[in-house]
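Whatever order the structure lists them in is the order used to number ligands and atoms, beginning at 1.
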Amino acid sequence: MYVDSHCHLSFPELHARLDEIRAAMAAADVDRALCICTTLEEFESVHALAMAHDNFWASVGVHPDNEDVMEPTVGTLCEWASRPRVVGIGETGLDYYRLNGRSVADMEWQRERFRVHIRAARGTAKPLIIHTRSSSEDTLAILREEGGEQAGGVFHCFTETEAVARAALDLGFHISFSGILTFKNAADLRDVAKFVPMDRLLIETDSPYLAPVPYRGKVNQPAYVPHVAAQLAELKGCSAEDIGRATSANFERLFKVAEAA
Ligand SMILES: [Zn+2]
Ligand SMILES: [Zn+2]
């Protein structure tokens, strides 16, 4: 019924409890999940999850926050993306939230890394999983410069304005909402969610982070994604099951999981 389109099950706090997490997913009608890669060093363990379980898939990419890690090339990303059950490129993008004393100009390495991912996504015809924080203008500008609309993809864990959502939708991208949508102080974001069309919506947990209400502050897991669906249902005036069906169909279409199975 529900798909968690973005989670980090290779992270130790979740990986150590995988049996329990899979049982909780089944009990909550969360039948599928996309396991997201954040470093090349981590890729084999993310990929192993997708190879071991027929309801998990994997991505390949290097998160913009990760420094002192292997730097991806277009060649490596394309090669690893061609392995079975790898359905997306990312997570990638820009994050100017923690500059650690640097200026935006100093973050050229992030912008270059993002360009490499877009080129790989175009080269493999796999969608981009985009992380953008305090950097939406540059994220959109680089996507346009690099022809990112030819690859398409998703703006994950969306926390930006309606104007940014509109620009992402105009480029053909999907918008994914996380547990943040359920937070008390997220009224503006709930207004943005109302505006995103049903056929471009995805839901995610971004576990182990950002557990939705009523689990806020706890370790997140895919079994909690129906709480995001329930919040969206309230905003859209439909049932959580309707959101589950729509976001699952969007997931299948965007990531072409049937072909990757
Ligand atoms: Zn992210
Ligand atoms: Zn993530």
Side-chain angles (χ1 to χ4, degrees), residues 3-15 21 30 32-43 45-47 49-50 56-67 69 72 77 81 86-99 107 110-111 113-114 116-118 121 126-136 138-140 142-143 148 153-160 164-165 168 173-183 186 189 192 201-212 215-216 218-225 228 247 251 254-255:
V3 179
D4 184 353
S5 70
H6 189 116
C7 56
H8 298 283
L9 297 184
S10 61
F11 287 12
E13 59 269 55
L14 295 177
H15 201 263
I21 278 165
V30 179
R32 291 172 287 182
L34 178 51
C35 301
I36 301 292
C37 178
T38 62
T39 62
L40 295 183
E41 288 85 344
E42 176 197 27
F43 174 74
S45 65
V46 177
H47 188 240
L49 283 165
F56 287 166
W57 289 267
S59 72
V60 59
V62 181
H63 192 292
D65 278 347
N66 289 327
E67 300 183 49
V69 294
L77 290 174
V86 180
V87 296
I89 305 290
E91 59 179 294
T92 180
L94 302 174
D95 193 326
Y96 298 160
Y97 183 71
R98 283 191 195 85
L99 290 172
M107 306 307 272
Q110 266 194 6
R111 292 183 285 275
R113 183 187 283 177
F114 183 30
V116 164
H117 283 81
I118 300 169
K126 300 217 166 162
L128 287 157
I129 299 140
I130 294 181
H131 171 109
T132 182
R133 193 170 186 201
S134 309
S135 58
S136 56
D138 281 6
T139 301
L140 289 163
I142 290 174
L143 270 178
V154 56
F155 277 58
H156 106 90
C157 195
F158 197 81
T159 54
E160 304 291 333
V164 175
F173 279 75
H174 290 62
I175 307 271
S176 178
F177 291 98
S178 68
I180 292 175
L181 197 66
T182 67
F183 293 178
L189 188 61
V192 176
L201 271 180
L202 292 175
I203 52 174
E204 66 174 86
T205 59
D206 207 8
S207 15
Y209 312 117
L210 300 170
Y215 304 105
R216 190 170 180 184
K218 303 224 166 76
V219 176
N220 202 358
Q221 55 172 303
Y224 296 165
V225 82
V228 180
T247 52
F251 175 81
L254 177 63
F255 290 105

Can an N, O or S atom be found in [X] less than 2.8 Å away from the Zn ion (ligand 1)?
X: His6; result: no
X: Cys157; result: no
X: Asp206; result: no

State whether a side-chain donor-acceptor pair under 3.5 Å links [X] with [Y].
X: Glu204; Y: Ser178; answer: no
X: His117; Y: Glu91; answer: no
X: Asp65; Y: Tyr97; answer: no

Run through Ser136, Ser134, Ser135 and flag the one making a side chain to side chain donor-acceptor pair (under 3.5 Å) with Thr132.
Ser135
Which atom name does Glu91 have for its N/O/S atom nearest to the Zn ion (ligand 2)?
OE2
Determine the minimum heavy-atom distance between Ile129 and Ser59, stating which atoms define it.
CD1-CB, 3.6 Å
In this structure, the Zn ion (ligand 1) sits at the vertex of an angle between ND1 of His131 and NE2 of His156 that rounds to 10° as 120°
